[in-house]
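Each remark here refers to the structure printed beneath this line.
Just so you know, ligand 1 is whichever comes first in the structure, and atom 1 is the first atom listed for that ligand. As the structure is a computational prediction, the values presented were derived from the model and not from experiment.
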Amino acid sequence: MPILRPLALTLLIALQYPPPALDAPKRAAVPWLAPYRDAAGRLLGEALSSDAAWQRLAYLGDTFGHRLSGSPNLEAAIRWAVEEMKRDGLENVHVEPVKVPHWVRGRESLDILGAIPQPLTILGLGNSVGTPAGGVEGELLVVRSFEELDAARDRVKGRIVLFNVPFTSYGETVRFRALGPSRAGALGAAAMLVRAVGPAGLRTPHTGALAYTEGQPQIPAAAVAAEDAARLQRMQDRGTVVRLRLKMEARFLPDADSANVVGEIRGRELPDEVVVIGGHFDSWDVGTGSTDDGGGCIATWEALRLMKKLNLRPRRTVRVVLWTNEENGGRGGLAYRDQHLAELSRHVMMLESDGGVFAPTGFGFSGTEAGRAKVRDIATLLAGIHADTIGPNGGGADIGPSVQHAGIPAMSLEVEGNYFLIHHTPADTVDKIDPLDIARSSAAIAVMTYVIAEMPERLR
Ligand SMILES: [Zn+2]
């Protein structure tokens, strides 16, 4: 049957190599972008052919460690960034002083008391008060919502309350960390615990700031790893009376000196019109803050380095800002607004990268529909690295005060990755970041920023 053999072979080949999908999206070239294609291609090529951004991020974390506000680590890292920006050839490199809160963690522990004490895995919440030196002891009360807490209001006094709420989304779950301490404190709880706000990891607690409500008692508060929260839940469900001792040395010292770091490429024709990009340089005091938010700082800074290296000086000024104190105060973003009030009306766009520098998918944008259409066009230049989607909301904690004050178009880098798995944990280290991903993130930011700063009409 010699004739069947070629037919079978043909079928086999056809099955293995299906023709390309006919309805693959067509990305028609946008005519008005023609003058920017060459620069965009060079920025992409330069970014993707080097691991400079990853190496710089690795150096930052390896050399200075974490960068909590008030720490000598942060201030040393700020001095380094200034010198490095100058070495890159950026212009108008300087610091803008900011007074920041100085919270320190100290030692901390949580034990199940009994004949054989059992240590649990915790991280105190940022800005929490500490306990007396001997710790706080109390009987455990586990609840799964604010409603359950209110229903148990007669049994809260003197207890250590645990909010055992599995992670859904950050916005949904973080309120138990932020507001739980005052909700429990108002009912007389001795201390508050929260199941770590993040997807289940490997017994990984996540720190993060709490927000005490004015006029309510301030009680010490800590995050417990998801596994430990589940264990305490099982013990309560079994009817076991669990006594706990929480010890925390956390306290505030007097406000400390810190600064936002600024570097620029001055505009060729309209230097007073400014496109601002950046991230927050401070981090929590666990891990090295490589994802939150060292990566955002380095990737935005890299965008300027790439322009400088390729001799691309856009029409308007491009400014990178590394804000201080996002995590436990937001003072850097507020100080930027106050120190730049007079020129905020000439801020063309502000972009913050604070969602990690994993595989970039595009940007979030908040602004007018006309602005969105422009940005969507520009994003077609990033189709080749799959970073061309424009989502509904752009912004960030540090650009927020300026953006709200002056109605400035706001953007954020959007990525796909395990941000909330490692965020605010000891696991936030540079090894979680792929050098190609931070290179692509830098490239996407560089192209978007360059075109907005270069195009003749202002983004509105
Ligand atoms: Zn952050």
So does [X] pair up with [Y], basic N to acidic O under 4.0 Å?
X	Y	result
Asp255	Lys99	no
Glu273	Arg346	no
Arg183	Asp150	yes

Find out whether Thr291 and Phe358 are in side-chain contact, i.e. whether some heavy atom of one side chain is under 4.5 Å from a heavy atom of the other. yes
Hits for side-chain contact (heavy atoms from CB on, under 4.5 Å) against Val129, two or more places apart or cross-chain, chain-then-number order -> Tyr212, Gln218, Pro220
When you look at Lys374 and Asp377, which way does the salt bridge (Lys or Arg N to Asp or Glu O under 4.0 Å) test go after all the steps? CA-CA 5 Å; Lys374 269 278 184 256; Asp377 280 355; 5.7 Å; no
Ignoring waters, how many protein N/O/S atoms are under 2.8 Å from the Zn ion (ligand 1)? 4
